[in-house]
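Here, residue 1 is the first one in the sequence, and each next residue gets the next number. All values reported here derive from a predicted model rather than from experimental measurement.
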Amino acid sequence: INEMVRGWAPGVEEALIERVGAGRATRLALTYASEFPDPYRARHAPAEAAADILRLAALKGPDSRGVRLFRDEHDPSNQLHLKTYRLGGLIPLSEAVPVLENFGFRVLEEVPIPLGDGETGYIHDFRLELPSEAEVQAILGRADSIERALTCVFAGASEDDEFNQLILFAGLDLKPVIWLRAWFRYLRQTGSSFGLITVVDALRRAPAATMALIDLFKALNDPAITRRRDDRVAKLRKDFDDALSRVRSIDDDRILRRMR
């Protein structure tokens, strides 16, 4: 009722004021609020528009991409929403869907939202499904890190392959995934017959071993560690061995040992 009385656009400005203060909120509302199409206004509260406006305003230019991962109150327990943002043009589905699938999402639906008939920008609202082993709350707790990784891949600054699933399912940031990808390629050059998907699945099924592997690499190579390095390395080797003892697949065990 309050939204009906005050109007949708003033509601957007009010929501922006709560986030960024009156001065900037007024400028952003004047720039973006009137650009949203009627179907969006009918389905989304002003607070949601304010969140979208802030992501659009953060973009640097037409080649920039923005991403926001969240859960709608009506989503089933194994589903999330992800919005992508771009100024001045669509993000083709042929570009977006493979990226999301390589992160481990299943794309159920996509709704394009043109702002100002697309001249101001585009929002793509994806409804995503997660596999049964995914811990949704843990993923949402790392939303900032996952969003940064997705943004890098969409922008072409990081590679797009199944190793990116480890960001969701092993709790890794983007840099450790880059290391694992490089180690896999080295092992292939030394004669390892295990393929990319097989290696990713092994790392994904043993997140504790994968995390211990990364922590061990950091402890061995981080120049910032100047005290008790040997003690830390010994502990992490034991953590890795303990995690490895819980691995049931012979192939997974072989892959993880070779990665060490």
Side-chain angles (χ1 to χ4, degrees), residues 69 78 80 99-106 128 130-153 157-260:
L69 184 67
N78 65 334
L80 295 172
V99 170
L100 297 175
E101 290 179 340
N102 278 338
F103 268 78
F105 296 113
R106 180 175 175 231
L128 307 174
L130 291 161
S132 58
E133 79 266 25
E135 297 181 9
V136 174
Q137 291 306 315
I139 288 171
L140 288 173
R142 300 180 54 249
D144 288 349
S145 176
I146 295 168
E147 289 169 1
R148 285 194 296 271
L150 280 161
T151 299
C152 284
V153 175
S158 187
E159 292 188 57
D160 176 23
D161 62 22
E162 288 85 351
F163 269 100
N164 292 330
Q165 293 179 22
L166 302 176
I167 295 169
L168 283 187
F169 303 117
L172 301 183
D173 293 327
L174 188 58
K175 185 177 287 186
V177 170
I178 294 171
W179 298 339
L180 288 167
R181 188 181 285 117
W183 299 343
F184 162 74
R185 288 172 177 165
Y186 172 77
L187 289 175
R188 291 286 287 181
Q189 291 176 357
T190 62
S192 173
S193 61
F194 293 111
L196 187 150
I197 294 176
T198 303
V199 170
V200 169
D201 284 347
L203 294 165
R204 173 175 164 172
R205 282 191 290 260
T210 301
M211 187 65 74
L213 188 67
I214 293 300
D215 289 342
L216 178 59
F217 177 77
K218 291 178 182 177
L220 287 167
N221 296 281
D222 187 351
I225 299 176
T226 57
R227 300 179 60 187
R228 304 179 66 88
R229 184 190 298 270
D230 291 343
D231 291 344
R232 178 160 176 75
V233 167
K235 178 185 180 302
L236 290 169
R237 289 190 190 279
K238 183 179 184 304
D239 289 347
F240 179 80
D241 289 338
D242 290 345
L244 204 60
S245 69
R246 298 190 291 273
V247 173
R248 295 291 173 259
S249 165
I250 293 175
D251 282 345
D252 287 3
D253 183 275
R254 288 173 177 166
I255 288 167
L256 290 163
R257 289 183 188 278
R258 293 203 69 181
M259 294 293 277
R260 180 174 63 173

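The shortest side-chain heavy-atom distance between N164 and R181 falls under the 4.5 Å cut-off. Two residues are said to be in side-chain contact when any heavy atoms from C-beta on lie closer than 4.5 Å; L187 and F194 fail this criterion. With a 4.5 Å cut-off on side-chain heavy atoms, L180 and L172 count as touching. Annotation: side chain of V200 is not in contact with side chain of D161 (no heavy-atom distance under 4.5 Å).
When the shell of 6.0 Å around CD1 of I197 is examined, it contains 12 or fewer heavy atoms from other residues, nucleotides or ligands.
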query = How far apart are the C-alpha atoms of D242 and K238, what are their side-chain angles, what is the distance that settles it, and do they pass the salt bridge (Lys or Arg N to Asp or Glu O under 4.0 Å) test?
reply = CA-CA 6 Å; D242 290 345; K238 183 179 184 304; 2.9 Å; yes
Side chain to side chain contact (heavy atoms under 4.5 Å, CB included) evaluation trace for L256 with R205 = CA-CA 11 Å; L256 290 163; R205 282 191 290 260; over 6 Å; no
List, one per line, each side-chain donor-acceptor pair under 3.5 Å for residues 207-219, sequence neighbours excluded.
from, atom 1, to, atom 2, distance (Å)
T210, OG1, L203, O, 2.8
T210, OG1, A206, O, 3.0

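In this structure, the salt bridge (Lys or Arg N to Asp or Glu O under 4.0 Å) partners of R106, at least two apart in sequence or on a different chain, are E129. Applying the side chain to side chain contact (heavy atoms under 4.5 Å, CB included) criterion to R142, with sequence neighbours excluded, gives S145, I146, I167, D173. For D160, the side chain to side chain donor-acceptor pair (under 3.5 Å) criterion is met by N102, not counting sequence neighbours. Residues meeting the salt bridge (Lys or Arg N to Asp or Glu O under 4.0 Å) test with E101, sequence neighbours left out: none. Here R232 pairs with nothing under the salt bridge (Lys or Arg N to Asp or Glu O under 4.0 Å) rule; sequence neighbours left out.
Between the CG atom in L168 and the CZ atom in F105 there is a gap of 4.5 Å [rounded to 0.5 Å]. Here the CZ-CG distance, from R185 to L196, works out to 8.0 Å after rounding to the nearest 0.5 Å. Going from atom OG1 of T198 over to atom CD of E162 covers 10.5 Å, rounded to the nearest 0.5 Å. Within the model, atoms CZ of R258 and OH of Y186 stand 9.0 Å from one another, a figure rounded to the nearest 0.5 Å. The distance from atom CG of L174 to atom SG of C152, rounded to the nearest 0.5 Å, is 5.5 Å. One distance of note links CG of N78 with CG of L128; it measures 11.0 Å at 0.5 Å rounding.
A pairwise comparison of heavy atoms in D241 and R260 identifies OD1-NH1, 2.8 Å as the closest pair. Nearest approach of I139 to A134, heavy atoms of both residues: CD1-CB, 4.1 Å. Of all the heavy atoms in Q165 and G104, the pair that sits closest is CG-N, 3.8 Å. For the pair R229 and D222, the tightest heavy-atom approach, listed with the atom from each and the gap, is NH2-O, 3.0 Å.
Partner of F163 under the ring pair (Phe, Tyr, Trp, His ring centres under 6.0 Å) criterion, chosen from F103, F169, F184, W183: F184.
D231 has no carboxylate O lying under 4.0 Å from a charged side-chain N of K235, or vice versa, which leaves the two without a salt bridge. Ion pairing between D144 and R148 fails under the 4.0 Å rule for side-chain N and carboxylate O. A salt bridge links D251 to R254: one of the charged nitrogens lies within less than 4.0 Å of a carboxylate oxygen.
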